[in-house]
There are 2 protein chains.
Amino acid sequence: MSLTGKRRSGSDGQLARTSGPGRTGADRAPATIGRVAEAAGVSRATVSRVMNGSPTVAPELAARVRAAAEAMNYQPSPVARSLALGRTSTVSLIVPDLANPMFQDVLRGLSQAAGTYGHRLLVAESNENVAEEAILAVEARRRSDGLVLASSRVPEAELHALSERLAPLVLLNRELPGTSVPSLSVDYAAGINAIVGHLRGLGHRHLTYLAGPVASTSDRDRRAALRASCATDTDCVLSELDCGSTFDDGHAAARAVVDTGATAVVAFNDMVAFGALSGLHELGLAVPRDISVTGFDDIPFARYTNPPLTTASIPRNELGRQAWERLWALLNGGPAGHNVRFQPRLLVRESTGPAPTRN
Amino acid sequence: MSLTGKRRSGSDGQLARTSGPGRTGADRAPATIGRVAEAAGVSRATVSRVMNGSPTVAPELAARVRAAAEAMNYQPSPVARSLALGRTSTVSLIVPDLANPMFQDVLRGLSQAAGTYGHRLLVAESNENVAEEAILAVEARRRSDGLVLASSRVPEAELHALSERLAPLVLLNRELPGTSVPSLSVDYAAGINAIVGHLRGLGHRHLTYLAGPVASTSDRDRRAALRASCATDTDCVLSELDCGSTFDDGHAAARAVVDTGATAVVAFNDMVAFGALSGLHELGLAVPRDISVTGFDDIPFARYTNPPLTTASIPRNELGRQAWERLWALLNGGPAGHNVRFQPRLLVRESTGPAPTRN
DNA sequence: TTGAAAGCGCTAACAG
DNA sequence: CTGTTAGCGCTTTCAA
């Protein structure tokens, strides 16, 4: 029974016609509001009222309806309700990359928060593809009541143009100046400043930045903050090494790091830091005696490496939860509240120490 | 303008009425098929045909329609289409716990595969709550065309009863005997057997199992396999320690592990193994000289710990992808193909070695 | 308190 | 090739 094409197929499909003569032997007709009404001997309006808990239904009728519904295992069709109500009780999340722990946590936070309010979550991954992201966003938005766009790569002008169609919309790690689109972000610059301050305080004059993926806006933020931070000091030297975002990237960069002669390395994220830690170790350097290493993110592992990693923690779940709150406010026609920038918290552990005194 | 309640509210809501006299100043009426038809001077049917690429439309008309649609930024409403077509182009995934890397990868694999076929993904988390899981599943299924249930905790009888309403349904890490519901799972027992075989081959006679969460069926599988595996040998001693699934759980168990006197520890998963590694190290034991440690899952980190972890790898992404393939087959009325059990692959690294010779 | 009827936006037989 | 018409399943006025 391979039903191809899009013909409305007898009682094979999901929705069978109201009264087809060719019903399958068993009377497994789909439970619709009409059938329940019929069974209970009332109108569809009444069934609707009962299902929605309207108090203006005679107890006796209500009971009859409930019994019929129960017997037929009836549940109102969410799709039909959505059409009639003009809302889906669903929100969408678009992320660039589902493999990124950051987005996984956002997803979780958002899903849980939305669930609490009886809403479902539609997820889509843009694969870092800008063109596709815009399409996806529009489509996802239409299937739902609101949208959360995480680390959108869509150019400002385009996003601006789209923002009306996407509303209610909440932006994560991305701001849209000149609009009222709420935005929640991590203040990477502040995190970097904290890290640099910590390192400078330990006497480090020469830092090497292990840069993340070129397309990454969070890398751009960090890099810019690093440059600015160093530029304010006259005796601060900054080396930048293109690296990446994985353990292997960090590992591979160890040699180059040593060649820069820096006494401290600021890694794009924790994974890169771990890789560097490992590579440096293999090269016979002791951390933090010979060289200090910092990460970024505070992934769960960071406290367990050897040595435990000094890093900046960011509230990943919180982003998701708060995104929901903003969205919920918007869905109810209220103001979304002020934008926020989460300040990373510097966690000083054992991978950083005083700068070695050169001879 | 806080619109509360569920009244159909003028032009404020998502869907404005077709021709309200009180339209907001700007003519931002929502683009519907009707309005496009009107603008293009054709019938709605024609617009529908054009939007769906029907070849039986006069080029001239088609162009006019496309122009009008373009001008109004018209996109057919997915919700309305879903109702009319009886399909949503969406599938749902229910997982017990979004924080679990296993499910994150399944989610990713499924999302990507479904996306390739133009389908969206609805996710919901059951929070290990059996009652809620069943409700969620039914609801999610109704919002979509098919369902993937990962590591369902729903009792067999109940799941059996539900299976018709949930179809098309694909089960992950769970089988439903007596039905044709396709199931994809990881053969934990085989993985355990491989690990035990490896350990026994190295001369270990006394193993300690660091058990996972009690509610976990995958723990049950592993434990059972372990017992069975040891029971076949006369000189095999197995100690079982309730532990958990996190690094800290493993870490906390180190002392107890030593007390069992075992020469090898089989951890519930990699995280627990890492914790044990760390705890054992602090107690002054050398791995693998004094004691061997194995994990399970082969999370990305496993190769980078000190020492690198011997573990069993499982194809997490693949589960998601294949789940989609099964579902897709089902959606097209075909057979879903044979069930499969992915065999974990034993990765021997440096956390295991010959059993120390006792004196 | 209840039912009839219109409508949400779209698709698909059926005629022409 | 195009329009008319009748739904998809549900909600919600409006009248009774």
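Letters A, B, ... mirror the listed sequences (proteins, then strands); counts begin at 1. Note that the structure is predicted; figures quoted are calculated from it, not measured.
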All N/O pairs under 3.5 Å across the protein-nucleotides 1-3 of chain C interface:
{"unit_1": "dT2(C)", "atom_1": "OP2", "unit_2": "Ala58(A)", "atom_2": "N", "d": "2.6"}
{"unit_1": "dG3(C)", "atom_1": "OP2", "unit_2": "Ser43(A)", "atom_2": "N", "d": "3.1"}
{"unit_1": "dG3(C)", "atom_1": "OP2", "unit_2": "Ser43(A)", "atom_2": "OG", "d": "3.1"}
{"unit_1": "dG3(C)", "atom_1": "OP2", "unit_2": "Thr46(A)", "atom_2": "OG1", "d": "2.5"}
{"unit_1": "dG3(C)", "atom_1": "N7", "unit_2": "Arg49(A)", "atom_2": "NH2", "d": "2.7"}

Round to a whole Å and report the spacing from [atom1] of [X] to [atom2] of [N].
| X | N | atom1 | atom2 | answer |
| --- | --- | --- | --- | --- |
| Arg81(B) | dG9(D) | CZ | P | 17 Å |
| Glu60(B) | dC1(D) | CD | P | 13 Å |
| Arg87(B) | dG9(D) | CZ | C1' | 17 Å |
| Asn52(B) | dC10(C) | CG | C1' | 9 Å |
| Tyr74(A) | dG9(D) | OH | C1' | 7 Å |
| Leu85(A) | dC10(D) | CG | P | 12 Å |
| Arg35(B) | dC10(C) | CZ | C1' | 16 Å |
| Met51(B) | dG9(C) | CE | P | 15 Å |

Revision key, fill the gap. Checking dT11(C), dG9(D), dT11(D) against the side chain of Ala84(B) (C-beta onward), the nearest is dT11(C)
**Study point:** Flag side-chain contact, heavy atom, 4.5 Å: Gln112(B) against Trp324(B)
**Key:** no
Practice item. Could you pull out all residues at least two apart from Arg49(A) that satisfy salt bridge (Lys or Arg N to Asp or Glu O under 4.0 Å)? Key: none
Study note, to complete from the structure: With sequence neighbours left out, the residues meeting side-chain hydrogen bond (donor to acceptor under 3.5 Å, both in side chains) with Arg153(B) are Glu128(B)
Check your understanding: Can you name the closest pair of heavy atoms from Pro168(B) and Asp145(B) and give their distance?
Key -> CD-O, 3.3 Å
Exercise for review: Would you mind checking if Arg143(A) and Glu139(A) are paired as a salt bridge, meaning a charged N to carboxylate O distance below 4.0 Å?
Suggested key: yes
**Study point:** Short N-O contact, Arg64(A) and Glu60(A), less than 4.0 angstrom
**Key:** yes
